[in-house]
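No hydrogens, no waters, no symmetry mates; every other heavy atom, side chains included, goes into these values.
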Amino acid sequence: MTSEVPPETPTEPPAETPTEPPAKTPTSTSAVTSAGAPAETPADTPSGASAGGSAAPSPVPSSDAHERERRHAQRAEGWSIVWMLVALLVWGWFAFLMLADYGPEYDGRPVCRGPLVGPLSEGRRCEDAWRAWPALLGVLALATLTTVTAAATTVYARVLTRLAHRDRPSVPLSEGPGAPSRG
């Protein structure tokens with residue numbers, strides 16, 4: 001008694017007949033061997049170099065990669081601006097605590113002087129938790145930390161911006177945007 005196996009119906013279209021137009025490929029094409037390692041094709045070898053030569057061309061990133069790098073650089077630049085504003089705010093707070101007079105007013109002026117402005121105000125009415133030196137040093141440390149973070153983020157954003165524009169064809173200064181007009 002022989003049993004017949006029903007033929008399987010394909011769930012995917014055959015690879016030879018594409019159902020969609022082929023996707024855009026990067027300018028540099030490479031084949032993959034059966035072991036999974038990239039194999040050189042004639043398009044990959046520079047002119048004058050043999051396929052077995054050691055000279056390999058640098059891959060040119062696709063426009064999607066450029067766009068992704070550009071967006072990442074813009075995001076980092078945005079964060080650097082935020083960190084700069086936070087650092088300025090904390091430095092302003094520190095300057096206010098060090099320079100501004102405070103406490104109850106007498107004849108239209110606060111009785112207690114800021115730590116850097118005048119003589120140290122002694123007395124119970126001039127005690128303020130934010131004007132004590134441990135708190136002031138804590139605010140100074142916070143201001144320093146935000147400033148260092150802002151500087152590091154700014155440098156990182158500048159590096160990313162340069163990297164995003166590294167493979168872009170250069171435009172002569174006389175033809176680029178913002179170039180002086182000749183007429």
| task | Could you tell me whether R131 sits above the aromatic face of F96, with NZ or CZ closer than 6.0 angstrom to the six-membered ring centre and within 45 degrees of the axis? | result |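 Cation-pi check for R131 and F96: passes.
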
| query | Do C112 and D128 have side chains that get closer than 4.5 Å, going by heavy atoms? | reply |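 C112 does not reach D128 side chain to side chain.
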
| request: Report yes if the side chains of V111 and E105 come closer than 4.5 Å at any heavy-atom pair, otherwise no. | output: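 V111 does not reach E105 side chain to side chain.
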
Rounded to the nearest 0.5 Å, how far does [atom2] of [Y] lie from [atom1] of [X]?
X   : Y    : atom1 : atom2 : value
R70 : T161 : CZ    : OG1   : 10.5 Å
E77 : T153 : CD    : OG1   : 12.0 Å
H72 : R68  : NE2   : CZ    : 11.0 Å

[X] with [Y], same ILVMFWY side-chain cluster at under 4.5 Å:
X    : Y    : value
L145 : W83  : no
L88  : W79  : no
W133 : L99  : yes
L136 : L140 : yes
L142 : V148 : no

| message | Other residues, nucleotides and ligands only: do more than 12 of their heavy atoms fall within 6.0 Å of CH2 on W91? | response |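 Check passes, neighbour count above 12.
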
| task | Evaluate the criterion side-chain contact (heavy atoms from CB on, under 4.5 Å) for residue pair W93 and L89; output intermediate values, then yes/no. | result | CA-CA 6 Å; W93 181 32; L89 182 70; 5.9 Å; no

Residue pair [X] / [Y]: nearest heavy atoms and the distance that separates them:
X    : Y    : result
S80  : A157 : OG-CB, 4.5 Å
T146 : A87  : OG1-CA, 3.4 Å
V139 : V90  : O-CG1, 3.9 Å

| request: Applying salt bridge (charged side-chain N to carboxylate O under 4.0 Å, His left out), name anything that partners D101, two or more places apart in sequence or on another chain. | output: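 In terms of salt bridge (charged side-chain N to carboxylate O under 4.0 Å, His left out), with neighbours along the sequence ignored, D101 is linked to R109, R113.
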
| Does the Y102 side chain pair with the main chain of L97, one donor and one acceptor, at a distance under 3.5 Å? |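 Checking the backbone N and O of L97 against the side chain of Y102, no donor-acceptor pair under 3.5 Å is found.
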
